[in-house]
Structure formats: C-alpha cells, structure tokens
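Below is one structure, written out as structure tokens, with a few remarks after it.
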Number of protein chains: 2
Amino acid sequence: MSQRHTTDRTKRTLVRTRVKAEQLLPVETGDIGVTTHENVYRGLRDRILFGGFLPGSAVTLRGLAETMGVSPMPIREAVRRLIAERALKLQDNRRVLVPPMTKEAFEQIVFTRKTLEPELAARALDNISDADIRAIKTIDQTVDRAMGVGDVQAYMRGNYRFHFAIYQRAHADILIALVESIWLQFGPFMRMAYGRIGTSLLEDHHQAAIAAIEHRDRKALKAAITADIVQGMNFIGEAVLKRPDLKT
Amino acid sequence: MSQRHTTDRTKRTLVRTRVKAEQLLPVETGDIGVTTHENVYRGLRDRILFGGFLPGSAVTLRGLAETMGVSPMPIREAVRRLIAERALKLQDNRRVLVPPMTKEAFEQIVFTRKTLEPELAARALDNISDADIRAIKTIDQTVDRAMGVGDVQAYMRGNYRFHFAIYQRAHADILIALVESIWLQFGPFMRMAYGRIGTSLLEDHHQAAIAAIEHRDRKALKAAITADIVQGMNFIGEAVLKRPDLKT
DNA sequence: ACCTCCCCATTGTGATCACATTAATGGCGC
DNA sequence: GCGCCATTAATGTGATCACAATGGGGAGGT
C-alpha cells in the first residue's frame, strides 16, 4: 500500500491507527500499485458478501476510516462505489446503511439469479478445463466442511467462490457484473438467515452441477444451478421473510 | 445548488467558471437539497445516455470540474459512481474514458436487454393507467418528430423516456437499476452509430407496444418490446461492428 | 412520568493542497 | 530531418480543513 504525505503529524497518526486496524480487520495489504480505496472496497465488499454485515447496520465514513486505519477519503470512494452497486444505501438523511431486505426486492433478486446465473454457467461450460473442475471440487469440499462445522462466513465465502469459479469461465464481464451486484444485495440478508437458523440443515446442488460439468451436459448444468438457487433462496427466504415481526 | 465555503477566493473563482458552465452545458441547477455531486452525476449520465459522449473519449476530473464550474471533488464522486455502473471505465493508467464497444460486450448487452426489458414491461402492464398511456403517446410523438428532423440527441432522449416510462410502472427498482446500467453502456455506442448513419432509416415498434398496452395484452407487449430491441440493436450493431476497421 | 425544546456531538459534503505517476513536449545528438 | 531522452505539464489519489444539517441527549416545564 503506497503511502504519500509523509509529514510528521500525518505519519504519526496513520501509524497509530494502522496498528489498531491490523488487530481488528484482516484487510489484505493489497498488491502493489493498487490504490487504497480499491483495497478498502475489497475489504468492505468481502464483508458484505461473506456475512460481515447485518441488514440495517449503520455505516459511517469516519468510523470505517478509523477501523481500517486510513483517512476518510478512500472510504468515501469505496462507499460511493458500493452505493452505486446497491450494496449500500444512501438514505435521505444522507446516512449510509446496509439496506434491509424487502419481500419485493427479494423476489426480484431471485428472478434475476434464476435468469442470469444458469445462462452464465451454460456459457462457461465449454471453457471449463479439467484443472478447473478439480479446483471447483476443492472449493466444494471447503463448502461442505464449513457447513458441517457451522461456520457461516466460511460457508458463504466458499459458496461464492464455487459459483463464480464457474461463471468466470463464461468470459462475460457484463453479465458477471450484474450478478455480482445482485449477490452484494442479498449477502447481508443471507448472513442474517444463517445466523438465525444455522447451516446444519443446509443442502446444495453442487454435486449435481459438478457432474453435469464433467458430462458436458449443458441442460443438466443449468438445471442444477437453477435448483441450487431455488433451494437456497427458498431456505433463507422462509427463514426470515415469513416472520412479519422480524422484518429488517 | 447549495454552496459552502464562501471565502473570497473560492467565491470569485466559482462565479467566474459558473458562468462559463451555464453557457456550455445545460446542467439543471437541481432541486434544493440535492447534493452537487448528484447534479454532476445526472449531467454526465444524461450526456452518456443521450449522445453527449463518443466511445473512447477521454474524461479528466479537472477538465470536467472547470467545464461544469465546480471543484473536482463532486466530479470525483460522480465519476466514481459512473465507473461502478460501467458507464465509464478506469483503465490501468488510472485514466478515465468512455469505454469503447466490443463485439462480446455488445452481444451481452443485447442478451440482457432481451431478457430483462420485456419482463419489466410485462410487470408494469397492470399498473399503467390511462393517463400513463396518454403520456407515453406524447413521448412517442416527440420521438417521431426527432427522427424526422434527424436530431440524434432528441431521439435518444425520447426513446429512453418511452421505454422507462413503461418500465417504471413495474415498481421493480432492482431490475430497473440493472437495465439502466446496460443503457449507460451502449449509449455512446448508439450515438456513434446514429451519428454515422443518421436517424432517417430508423423505425421502431413503439406503436405496437402502445397498442398492446391499450389491449392489456401482456404477450403482445413483450413481443413488441423484444422486436423493438432486436430491430434497434441490429441496426446500430450492423452500422458499426460490421466494419472491422472502425472498431473503437 | 412524559413530552418538548435547545444544545452539542456527529456525519456527509465540498474545497484545497500535496504528492506520485503517467503523458506530453521540446531539445539534443546523429 | 528523425529518433531518443530529459524535462515539464497534467492527472488521479489521499489528507485535511470547514461547514451545514441531522440526531441524540439532557434540562426544564407541565
């Protein structure tokens, strides 16, 4: 992480808070040449995708700045970006929060997933090498392990990596971007559902997807992805949205 | 537009450049309570959507700041937001530009439009009032007029308003956001195509869509929207992408 | 005990400066 | 004249300060 502005006062302040940040957040230092706001963005994005935030959580620029040990400036840029991706919401108060889920938003998310993700998998199929398949299997094992242990965050990270390891091979960056925005929008909600229910009851259709890939069966792959989406989203949808008292 | 920081130097500078900006750009002063970067965002967004930029155009923060008569700060936020929406691209040089179109991106854009927009229209159908229909017809007349005169920007603005006047009624903000991002990505490309070919050969399926809405015929509406997309995108696709020499 | 008003802390926003890096330019040698 | 290199200009990024607006909390009144 390149650090400019090495006047005495600045340096001292940064060093002090930096130490604190390293204790609190496992934010990667980032590859060289990558801007600070990019690293902040990745850190926040991971927290949203993998269950580091709950819906409705308030987010403040100065708070994040202190937590992550940087000035508010790169935080502003990263948060602005996440707002544009609908991962965060800027309410009329000009306050930033992790958007709560609604029945309507959830329905649109499920629709989009069912529409775009099987298509991405189908487009990827011909580009998935044997080495890719082995890597995907390895990822799926970590998913199973996390499910068994009940580690929500590890499960969510593994599940994300499983899906996008496939989708990535479609070389369809525009579609990928749309789907990633969708995942960012249900990440905190999924976290809340699993936090409430646990991952023990969980089942997925990863094995069917892997088998379909191995057989180069496009139709079966789309079906497996669809089934995985429907099953998973039903699970977390029923876990939370059916209780009208626990809306947030 | 709220303006803080009214020290002498700042004020003088801002006033001077503000006059220049009003001559150059028809940027709305914006409703009260709206932030400056929001107004900047809308201005840039409109220019991208309605043909104010060509693919490959370079964009600089200080340049825009001077043109629009504001400090670079709100420009940064607006540009960051547009980059997140894929309307602008941040290349490795850390320079910002209007992204050029590729064959692959174009195909994904067409796929997404054909997938999501008829769905949006179908969802909107039951919420379109008679007054809405009249408004949509009025918009379509401005589209016809612009086509006749050959006013590319007016045509693009009208076409956008026609489609989204329908889509808005779906009350599906997540889907709308996805489609708007897509429109931002082909806006400059469409402008280039029309700038090269002109709008005289243009035809659309707006009348069929309006008729379908009046008959509350969901199937016909989806077909009309699909036909409109296919016809329009084929037109601009052939106008540009088929010439391998004029890639940009 | 509860509601209301006022004060102060906190927050997002905009402006400005400093800096590293990349692009552009002009001059020099051949 | 033409290509190469050093110098300069321009650009994105981060830090810091100032300010308006919102929110929370406590005091005072009913």
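Reminder, nothing fancy here: chain letters follow the sequence lines and each chain counts from 1. Since this is a predicted model, take the numbers as computed values, not measurements.
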- dT22(C) P sits how many Å from R95(B) CZ, rounded? 9 Å
Indicate every side-chain donor-acceptor pair of residues 50-64 of chain A with a distance under 3.5 Å to a residue at least two apart or in another chain.
unit_1: S57(A); atom_1: OG; unit_2: L54(A); atom_2: N; d: 3.3
unit_1: S57(A); atom_1: OG; unit_2: L54(A); atom_2: O; d: 2.4
unit_1: T60(A); atom_1: OG1; unit_2: G63(A); atom_2: N; d: 3.1

- Item | 5'-most by nearest nucleotide on DNA chain D - V96(B) or D92(A) | V96(B)
- Query: For E66(B) and dA15(C), what is the distance between atoms CD and P respectively, to the nearest whole Å?
  - Reply: 14 Å
- With sequence neighbours excluded, what pairs up with Y41(A) under the ring-ring contact (aromatic ring centres under 6.0 Å, His included) test? none
- Message: The criterion is side chain to side chain contact (heavy atoms under 4.5 Å, CB included); which residues satisfy it with L97(A), sequence neighbours excluded?
- Response: K89(A), Q91(A), P100(A)
- Message: In whole Å, I'd like the distance from the CD1 atom of I75(B) to the P atom of dT11(D).
- Response: 13 Å
- Message: Measure CZ/R76(B) against C1'/dT13(C) and give the value in whole Å, please.
- Response: 13 Å
- In whole angstrom, what separates L97(B)'s CG from dT11(D)'s P? 14 Å
- salt bridge (charged side-chain N to carboxylate O under 4.0 Å, His left out) filter on E104(A), not counting sequence neighbours, yields none
- Message: Is the ring pair Y167(A)/F164(A) parallel, tilted or perpendicular, if the boundaries are 30 and 60 degrees?
- Response: perpendicular
- When you measure from the side chain of P72(A), which nucleotide among dA15(D), dT16(D), dT13(D) comes out closest? dT16(D)
- Residue pairs fulfilling salt bridge (Lys or Arg N to Asp or Glu O under 4.0 Å) with at least one residue in residues 151-165 of chain A, sequence neighbours excluded: none
- Message: Go nucleotide by nucleotide along DNA chain C from the 5' end; which of R62(B) and M73(B) gets its closest nucleotide reached first?
- Response: M73(B)
- Message: Measuring to OP1 and OP2 of dG23(D), would you say a side-chain N or O of N93(A) lies under 4.0 angstrom away?
- Response: yes
- Sub-4.0 Å heavy-atom contacts from residues 78-90 of chain A onto DNA chain C, ordered by number: R80(A), L90(A)
- Separation of dG12(D) C1' from L64(B) CG (nearest whole Å): 13 Å
- Quick one: CD on E77(B) to OG1 on T36(B), what's the gap to the nearest 0.5 Å? 10.0 Å
- For atom CD of E38(A) and atom C1' of dG14(D), their distance in whole Å: 15 Å
- Query: Can you check whether T36(A) has a side-chain N or O nearer than 4.0 Å to OP1 or OP2 of dG14(D)?
  - Reply: yes
- For atom CD of E77(A) and atom P of dT13(C), their distance in whole Å: 13 Å
